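Read the structure below first, then the notes.
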Amino acid sequence: MTAQVIETHPIEGQQPGTSGLRKKTRVFMQTHFLENYVQSIFDGIGGVSGKQLVIGGDGRFFNDTAIKIILRMAAANSAKACIVGQNGILSTPAASHLIRTRKTDGGLILSASHNPGGEDEDFGLKYNGPNGGPANETTTDKIFARTKSLTNYRIWDGGDVDLATLGTTHIGEMAVEVIDPITDYADLMEELFDFDAIRALFASGFTLRFDAMHAVTGPYACEVLQNRLGAPVGSVVNEIPLPDFGGGHPDPNPIWAKDLMDCMYGANAPDFGAASDGDGDRNMIVGKSCYVSPSDSLAVLADLAHLAPAYSTGLAGVARSMPTSAAADRVAAAKGIPSFETPTGWKFFGNLLDAGKVTLCGEESAGTGSNHVREKDGLWAVLLWLNILAAKRMSVAELLADHWQRYGRNYYSRHDYEAVDSEAAHGLVNDLRAALADLPGQTFGSLTIERADEFAYNDPVDGSHSAAQGLRVFFEGGARVVFRLSGTGTQGATLRVYLEQLETDPSKLDKDPQDALADIIAAADALAGIRAKTGRNAPDVIT
Ligand code: VG1
Ligand code: CO
């Protein structure tokens with residue numbers, strides 16, 4: 001058995017998006033496709049000779065096959081060791097934690113996150129650096145550049161590893177250590193939060209339903225919530241990870257987690273509901289008849305995180321992605337701590353976290369996290385909520401109402417138009433970009449545009465510049481609409497329209513967001529021509 005050098009040729013379209021490379025699974029399964037991309041990652045990060053890597057994924061179809069190929073390639077590229085989750089499983093936050101605790105040179109995470117899984121669905125792969133966070137744009141640019149010049153890749157001939165058995169084996173000189181993917185992560189959660197208080201909350205009769213959506217978080221949630229915190233068995237549902245997520249769409253929002261929503265809005269609803277996504281980095285929080293928007297969740301957590309031991313001395317700062325509502329900024333301002341606005345995608349939070357400028361980060365897409373790892377973390381967010389509820393002994397609805405009374409409410413919604421004709425979607429964005437300069441002063445119904453621009457980001461830590469991160473239109477009185485094309489889809493283009501309006505009148509905090517935002521929704525269509533240009537009458541998904 002030896003390292004083979006296999007001739008190949010560059011494959012088009014291997015450009016990483018918001019979170020690694022995502023394609024249809026069958027595309028990843030095409031001859032050389034995965035191998036080319038893996039070799040490009042290795043070359044793009046300066047080779048893996050003598051290095052240690054963490055490897056794991058969310059268990060979707062092709063996960064284990066791909067991991068075995070990656071291991072053979074790492075061995076042929078002279079890596080020193082690979083640490084792999086048992087059966088190829090590692091949630092994204094657990095992988096981030098492992099990279100950090102084991103001080104490896106980074107890791108490869110196999111996931112298409114919230115995208116459905118299966119032979120005819122989606123697959124994905126991303127590289128995280130030694131800090132445990134998604135590679136920055138400089139690195140992903142190098143990886144992409146390499147995909148365009150690659151002429152061969154290296155792979156070990158033979159070297160099949162048993163991923164089910166814990167312990168260390170070898171492929172050639174390279175050690176392959178198969179580890180229990182749960183324990184280290186569960187231990188970390190126990191360090192961060194007041195498990196005694198949460199245990200007492202459950203012991204007092206507080207009820208929970210955690211929907212793992214047949215994705216990777218099931219085993220983690222069973223261990224932490226049921227085994228360690230005493231929530232009754234059965235509190236975690238859909239807890240067995242399946243290669244096709246049971247045919248579902250592992251996106252924790254009211255549309256795709258409808259079962260949970262029905263339960264939480266029905267008779268005899270539990271006190272607290274939560275769901276997570278394919279790779280375990282996102283969360284949905286819902287109380288009895290009370291959905292918490294991710295932007296509000298970030299704001300509540302920023303306000304009350306000090307109730308958990310890990311954050312008892314307060315937060316250094318808070319960061320949110322640009323399309324996320326400004327609710328967290330209002331908390332930061334009140335507390336006198338800095339707030340940062342970054343482009344969409346967790347890779348932009350890494351520098352701020354590493355530099356100690358922020359403690360908490362979040363996105364409107366249901367990603368929330370802190371400096372405990374360098375990824376967003378679904379179960380962590382659930383535990384912080386539980387820790388806060390255990391300390392406050394209020395319901396989710398009471399907590400949210402109290403928050404809005406104190407800070408005002410940033411009414412918020414995201415409208416997604418999925419699998420739109422790519423040319424039409426890019427046309428819409430290009431037309432709007434060209435019109436931005438003329439928008440100020442224009443009126444749409446009762447709304448007047450104050451300013452409009454295309455968001456660009458200058459990283460305050462390394463000075464890097466990221467252009468073209470979404471079109472923003474601000475109205476007089478504090479309303480805002482943002483237009484952006486998704487960077488995680490695999491079919492056509494997905495247009496995301498983010499809508500926001502601040503309300504501080506205490507008597508107007510209980511509206512349905514779609515009603516509260518009706519004028520902005522109409523203005524968004526009028527100024528971008530959404531219906532006319534996409535041919536769609538309504539969004540596919542409203543969150
Ligand atoms: C989406 C979300 C973004 C998130 C990204 C990866 O990106 O909007 O907030 O960071 O997914 O999350 P896009 O480009 O489709 O809008 V995950 O949980 O898919 O790794
Ligand atoms: Co995810």
Side-chain angles (χ1 to χ4, degrees), residues 253-254 261 264-265 284-305 318 320-337 339 341 360 362-364 366 368 385 388-389 392 394-415 439-452 472-483 497-527 539 542-543:
N253 63 42
M261 288 298 281
M264 295 306 298
Y265 278 74
M284 180 173 92
I285 303 295
V286 49
K288 266 186 212 230
S289 299
C290 177
Y291 168 70
V292 183
S293 83
S295 292
D296 279 343
S297 175
L298 175 65
V300 168
L301 297 183
D303 189 35
L304 300 174
V318 180
R320 63 166 172 90
S321 65
M322 180 276 285
T324 305
S325 95
D329 302 11
R330 300 174 67 74
V331 174
K335 290 187 179 295
I337 56 172
S339 58
E341 187 178 29
L360 239 58
E363 295 194 276
E364 51 65 41
T368 331
W385 264 93
I388 289 168
L389 293 172
K392 295 287 245 186
M394 290 162 85
S395 72
V396 173
E398 285 164 351
L399 206 67
L400 205 55
D402 176 62
H403 186 90
W404 292 334
Q405 285 297 330
R406 289 186 292 126
Y407 290 103
R409 177 172 182 185
N410 290 72
Y411 279 104
Y412 189 85
S413 184
R414 186 177 98 187
H415 290 192
L439 288 179
Q442 289 192 29
T443 57
F444 294 89
S446 61
L447 293 165
T448 304
I449 295 178
E450 194 173 72
R451 64 193 170 96
R472 312 190 286 186
V473 180
F474 299 89
F475 299 90
E476 286 173 7
R480 179 184 80 154
V481 55
V482 174
F483 299 84
V497 183
Y498 309 81
L499 306 136
E500 179 179 0
Q501 169 74 294
L502 173 66
E503 180 58 77
T504 50
D505 181 340
S507 68
K508 294 183 180 162
L509 301 175
D510 287 324
K511 291 188 215 163
D512 178 315
Q514 301 308 314
D515 295 337
L517 297 166
D519 289 353
I520 301 150
I521 293 169
D525 186 52
L527 70 95
I542 294 180
T543 53

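For the single chain, residues carry numbers from 1 onward in sequence order. Being a predicted model, the structure only gives us computed values, none of them experimental.
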Problem - Test side-chain contact (heavy atoms from CB on, under 4.5 Å) applied to L399 and V292, step by step - result: CA-CA 10 Å; L399 206 67; V292 183; over 6 Å; no
Flag the pair [X] / [Y] as yes when at least one side-chain heavy-atom distance between them is below 4.5 Å, and no otherwise.
{"X": "L527", "Y": "F483", "answer": "yes"}
{"X": "M264", "Y": "V396", "answer": "no"}
{"X": "I388", "Y": "L301", "answer": "yes"}

Problem - Charged N-O contact under 4.0 Å between R320 and E363 - result: no
Problem - Short N-O contact, E500 and R480, less than 4.0 angstrom - result: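 A salt bridge is present here (some side-chain N lies under 4.0 Å from a carboxylate O).
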How long is the span from the [atom1] atom in [X] to the [atom2] atom in [Y], to the nearest 0.5 Å?
{"X": "L400", "Y": "L509", "atom1": "CG", "atom2": "CG", "answer": "10.0 Å"}
{"X": "L439", "Y": "F475", "atom1": "CG", "atom2": "CZ", "answer": "8.5 Å"}
{"X": "L360", "Y": "S339", "atom1": "CG", "atom2": "OG", "answer": "12.5 Å"}
{"X": "S325", "Y": "R330", "atom1": "OG", "atom2": "CZ", "answer": "9.5 Å"}
{"X": "E364", "Y": "N410", "atom1": "CD", "atom2": "CG", "answer": "13.5 Å"}
{"X": "I449", "Y": "F444", "atom1": "CD1", "atom2": "CZ", "answer": "4.5 Å"}

Which atom pair, heavy atoms only, marks the closest approach of [X] to [Y]?
{"X": "A299", "Y": "A328", "answer": "CB-N, 3.8 Å"}
{"X": "Y411", "Y": "K508", "answer": "OH-O, 2.9 Å"}
{"X": "M394", "Y": "L389", "answer": "O-CD2, 3.3 Å"}
{"X": "I542", "Y": "P539", "answer": "CG1-CG, 3.8 Å"}
{"X": "I285", "Y": "S297", "answer": "CG1-OG, 4.1 Å"}
{"X": "I520", "Y": "A479", "answer": "CD1-CB, 3.7 Å"}

Output side-chain donor-acceptor pairs under 3.5 Å for residues 511-518, partner residues at least two apart or in another chain, one line each.
residue, atom, partner, partner atom, Å
D512, OD1, Q514, N, 2.7
Q514, OE1, H415, NE2, 2.9
Q514, NE2, S413, OG, 2.8

Exercise for the section: Decide whether D296 and W404 meet the rule of one side-chain donor and one side-chain acceptor closer than 3.5 Å. Expected result: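 Judged by distance alone, the side chains do pair up.
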Exercise for the section: Using a cut-off of 6.0 Å, state whether more than 12 heavy atoms not belonging to D510 lie near its atom CG. Expected result: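 No, CG of D510 has 12 or fewer neighbouring heavy atoms, counting only those of other groups under 6.0 Å.
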Exercise for the section: Report the residues that fulfil ring-ring contact (aromatic ring centres under 6.0 Å, His included) with Y407, sequence neighbours left out, ordered by chain and then residue number. Expected result: H403
Practice task
Spell out, as yes or no, whether a donor-acceptor pair under 3.5 Å connects the side chain of Y265 to the backbone of Y291.
Solution key: yes
Completion exercise
Quick note, salt bridge (Lys or Arg N to Asp or Glu O under 4.0 Å) partners involving residues 395-408, not counting sequence neighbours, are D303-R406, D402-R406
